[in-house]
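Below is one structure; the comments refer to it alone.
Computed from a prediction, not measured in an experiment: that's the story for all the values here.
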Amino acid sequence: MNKEIKEKIIQVCDDKIAKKGTNVGLSFYAFFKNKNDNPVLLMEVAKWWIETHQLDHFEKALKIKAMIENKSPS
């Protein structure tokens, strides 16, 4: 994934954690607008989420942020 989407994922995770706490979950759709204006990037993130890491539909924001930052989840 490119640097811009990684930064967007971290930003969304940080926002969700700040608003709803450390147990908040999200899906990969949280990183995109409701309008499918970039299907190639959407599929790239979906592949990372579903095929590469075999994540559930909803995962903890802390876990996703740690994975993007290549760190162990807290």
Side-chain angles (χ1 to χ4, degrees):
M1 288 186 288
N2 67 41
K3 182 181 175 186
E4 289 175 354
I5 191 61
K6 287 180 179 183
E7 289 173 354
K8 173 74 173 183
I9 291 169
I10 291 168
Q11 175 194 2
V12 169
C13 288
D14 285 342
D15 290 346
K16 296 279 187 185
I17 293 165
K19 290 177 185 171
K20 299 191 176 192
T22 57
N23 283 326
V24 68
L26 48 78
S27 78
F28 66 88
Y29 289 113
F31 314 122
F32 298 92
K33 298 175 186 175
N34 287 337
K35 192 182 256 188
N36 189 4
D37 59 357
N38 192 340
V40 172
L41 186 58
L42 175 68
M43 292 306 295
E44 183 179 344
V45 174
K47 183 175 181 173
W48 178 88
W49 190 286
I50 297 166
E51 288 183 11
T52 304
H53 295 286
Q54 299 179 348
L55 299 171
D56 290 336
H57 185 77
F58 284 96
E59 291 287 349
K60 299 230 185 269
L62 281 176
K63 177 180 178 178
I64 299 304
K65 181 181 176 185
M67 289 174 74
I68 292 295
E69 293 175 332
N70 294 318
K71 297 179 183 174
S72 299
S74 302

(message) Measuring only between side-chain heavy atoms, which start at C-beta, is L41 closer than 4.5 Å to E4?
(response) no
(request) Looking only at non-hydrogen atoms, find the nearest pair between A61 and C13 and report the distance. (result) O-SG, 3.5 Å
(request) Quick one: pull up CG in N2 and CD in E7 and give me the separation to the nearest 0.5 Å. (result) 9.0 Å
(message) For a quick test of reading the model, state the closest non-hydrogen atom pair linking F31 to V45 and the distance between them.
(response) CD1-CG1, 4.3 Å
(request) Is it possible for you to say whether I10 and F58 belong to one hydrophobic cluster, with membership spreading through side-chain heavy-atom contacts below 4.5 Å? (result) no
(request) Could you tell me the separation between the OG atom of S27 and the CD1 atom of I50, rounded to the nearest 0.5 Å? (result) 9.5 Å
(message) Could you tell me if the side chain of F32 sits less than 4.5 Å from the side chain of I5, heavy atoms only?
(response) yes
(request) Nearest 0.5 Å please: distance from the NZ atom of K8 over to the CD1 atom of I68. (result) 13.5 Å
(message) So, taking the atom named OH in Y29 and the one named CG in L42, what distance separates them when rounded to the nearest 0.5 Å?
(response) 6.5 Å
(request) Using a 4.5 Å cut-off on heavy atoms from C-beta on, say whether the side chain of V24 contacts that of K19. (result) no
(message) I need the full list of salt bridge (charged side-chain N to carboxylate O under 4.0 Å, His left out) pairs touching residues 47-59, with sequence neighbours left out, sorted by first then second residue.
(response) E59-K63
(message) Just to verify, what does H53 make a ring pair (Phe, Tyr, Trp, His ring centres under 6.0 Å) with, not counting sequence neighbours?
(response) W48
(request) Could I get the full list of side chain to side chain donor-acceptor pair (under 3.5 Å) partners for N38, not counting sequence neighbours? (result) none
(message) Between I64 and F28, is there a side-chain heavy-atom distance shorter than 4.5 Å?
(response) no
(request) Indicate yes or no: at least one non-hydrogen side-chain atom of N23 is less than 4.5 angstrom from one of K60. (result) yes
